[in-house]
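We name chains A, B, ... by the order of the sequence lines, and we start the count at 1 in each one.
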2 protein chains.
Amino acid sequence: MARIPSETAVNDLVQSVGLLIRRIRAAVASNELSLSEMSVLARLSREDPATTADLARAEGVKPQSMGTTVAALEDGGYIERTPHPTDGRQMLLAPTAKGLALRTSSRAAKRTWLAHAISQLDKADQETLFAAGEIMRKLVDRDPR
Amino acid sequence: MARIPSETAVNDLVQSVGLLIRRIRAAVASNELSLSEMSVLARLSREDPATTADLARAEGVKPQSMGTTVAALEDGGYIERTPHPTDGRQMLLAPTAKGLALRTSSRAAKRTWLAHAISQLDKADQETLFAAGEIMRKLVDRDPR
DNA sequence: TATTGTTATACTCTATAACTATA
DNA sequence: TATAGTTATAGAGTATAACAATA
C-alpha cells in the first residue's frame, strides 16, 4: 500500500499509455497486418494450434472480438483452420506457410518499431519499462470488470 | 544503449499496455463521458481556454480527431466556445458550469478506477509505473512518425 | 503560404446481444 | 447447462483527404 496518486500523475500516465499504443499501431500498420492480427499470428507461430476461445482468453478479449481478428487472418491466408479431432464444436487454428513466412522474415522482426526504440534506451530504462508491464498486468488482473 | 529486447518481452509489453488502456476505457465508460472526452475536459479545467489545435497538440492527436472529441463535449454541454478576440480563425474552448460540476464532483475523482488501483500498489511499484510513463513518452517522442 | 477549423469517409478495435451446434 | 463459434450491430478512437476562411 502506498498513497493515492495525484490526478495529474494519473492523467499523464494514461496519456503516455495512449500515445504509445497509437504509435505502435501506426508502426505496425505499415505492414500487411494490423496490431491485433500480428499479435495473434505471433502467438500461433510460437505456440500449439489453438481455438478462437483459447486465443480470446490468452489475449484478454471477448471470443466474438477474437472471431473478427481470426476471420481477417484466415481471409488473408495467414492462418488456416482444421476441425478438432474429437470435439465437433472446436476449430483448431494454425499459421499457413504464408503466415509463417511473414513471421520469420527477419525484416519483419527487425523492423518492429518498438523493439528498435527500446533497444536505444539504457538498461535501467529498459528494466523499468518491462517491470511496469508486469505491474500493469497486476492492475488489470487485481480488479477485473 | 542496451540490447535488443526479446520478441516475447516486447509482445508481453504491448499486450499489457493494450489490456490496461482497454480496462481504463471500460472503467471510464460507466461515466457520462468517454476517456478521450474526460481527458480533454480535465485539461480545459486545469488550464486556460484553448483552441482545438492547441488541444490536438497537447493530447498528441490530429486536429480533425480532436474536432470530433470537442464537438461531442460541446453537444453534451460540457464545454462552450467563444470566438478568439483577435484571430478570426480560432475558437476558444472552456468548460461550462456543467463540465466543471462533473469534474469537481469528488465522486468522479474518487471513482477513477485507475487511481484507486494504483493506490493499492506498494510504493516501489507506483514509482516504477510512473517512471515507465515518462519512458514511454521518450520512446514516442524520440522517433515520431 | 501557413494555420484554423469543418466535413466526409474509412479503418481498427472491441463490445453486447442473439443465435446454432455440440458436449 | 455449458461451451464453441457465428452473425449482426454499435460505439470509441483515430486517421486521411479535401475544402473554406483567415492570418
**Asked** Does a nitrogen or oxygen in the side chain of R25(A) sit under 4.0 Å from OP1 or OP2 of dC13(C)?
**Response**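 Yes, within the criterion.
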
**Message:** Using OP1 and OP2 only, check whether a side-chain N or O of R23(B) sits under 4.0 Å from dA15(C).
**Reply:**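 Result: no.
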
**Request:** Could you check which residues of residues 79-89 of chain A get a heavy atom under 4.0 Å from DNA chain C? Sort them by number, please.
**Result:**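 Heavy-atom cutoff 4.0 Å gives T86(A), D87(A), G88(A), R89(A).
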
Could you please name the option among [options] that lies closest to any side-chain atom of [X]?
X: T52(B); options: dC13(C), dT16(C), dG5(C); result: dG5(C)
X: S65(A); options: dT14(D), dA15(C), dA4(D); result: dA15(C)
X: A53(B); options: dT14(D), dT4(C), dG13(D); result: dT4(C)

Using whole Å, report how far [atom1] of [X] lies from [atom2] of [N].
X: L19(A); N: dA15(D); atom1: CG; atom2: C1'; answer: 15 Å
X: D75(A); N: dT6(D); atom1: CG; atom2: C1'; answer: 14 Å
X: M66(A); N: dT3(D); atom1: CE; atom2: C1'; answer: 17 Å
X: L73(B); N: dG5(C); atom1: CG; atom2: C1'; answer: 17 Å
X: I24(B); N: dG13(D); atom1: CD1; atom2: P; answer: 12 Å
X: N31(A); N: dT12(C); atom1: CG; atom2: C1'; answer: 15 Å
X: K62(B); N: dA12(D); atom1: NZ; atom2: C1'; answer: 19 Å
X: E74(A); N: dG5(D); atom1: CD; atom2: P; answer: 12 Å

**Request:** Step through the shown structure and confirm whether more than 12 heavy atoms of other residues, nucleotides or ligands are within 6.0 Å of CD on E47(B).
**Result:** yes

**Atom CD1 of I4(B) with >12 non-hydrogen neighbours under 6.0 angstrom** =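 Open: at most 12 neighbouring heavy atoms sit under 6.0 Å from CD1 of I4(B).
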
What is the minimum heavy-atom distance between [X] and [Y], and which atoms define it?
X: P95(A); Y: E80(A); result: O-OE2, 4.5 Å
X: L55(A); Y: M66(A); result: O-CE, 3.5 Å
X: D12(A); Y: R137(B); result: O-NH2, 2.9 Å

**Prompt:** DNA chain D: Q64(B) or M91(A), which has the more 5' nearest nucleotide?
**Reply:**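 So the residue in question is M91(A).
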
**Complete:** Comparing L92(B) with L35(A), nearest DNA chain C nucleotide closer to 5' gives the residue L92(B)

**Prompt:** Toward the 5' end of DNA chain C, which comes first, T51(B) or T69(A), by nearest nucleotide?
**Reply:**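 Comparing both residues, the 5'-ward one is T51(B).
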
**Rounded distance [0.5 Å steps], CD1 in I135(B) versus OG1 in T128(A)** =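 One finds 4.5 Å between CD1 of I135(B) and OG1 of T128(A).
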
**Request:** May I ask you to say what S36(A) touches in the nucleic acid, namely base, sugar-phosphate or nothing, with a heavy-atom cut-off under 4.0 Å?
**Result:**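 The answer is sugar-phosphate, as S36(A) gets under 4.0 Å only of primed atoms, P, OP1 or OP2.
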
**Asked** With a 4.0 Å cut-off on heavy atoms, is T68(B) in touch with a base, just the backbone sugar-phosphate, or nothing at all?
**Response** base

**Message:** Donor-acceptor check, side chain of R22(A) to backbone of G60(B), threshold 3.5 angstrom: yes or no?
**Reply:**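 Side chain of R22(A) to backbone of G60(B): a pair is present.
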
**Message:** Quick one about E134(A) and S16(B) (side-chain donor to acceptor, distance below 3.5 Å, no hydrogens or angles considered), yes or no?
**Reply:**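 There is no such pair between these side chains.
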
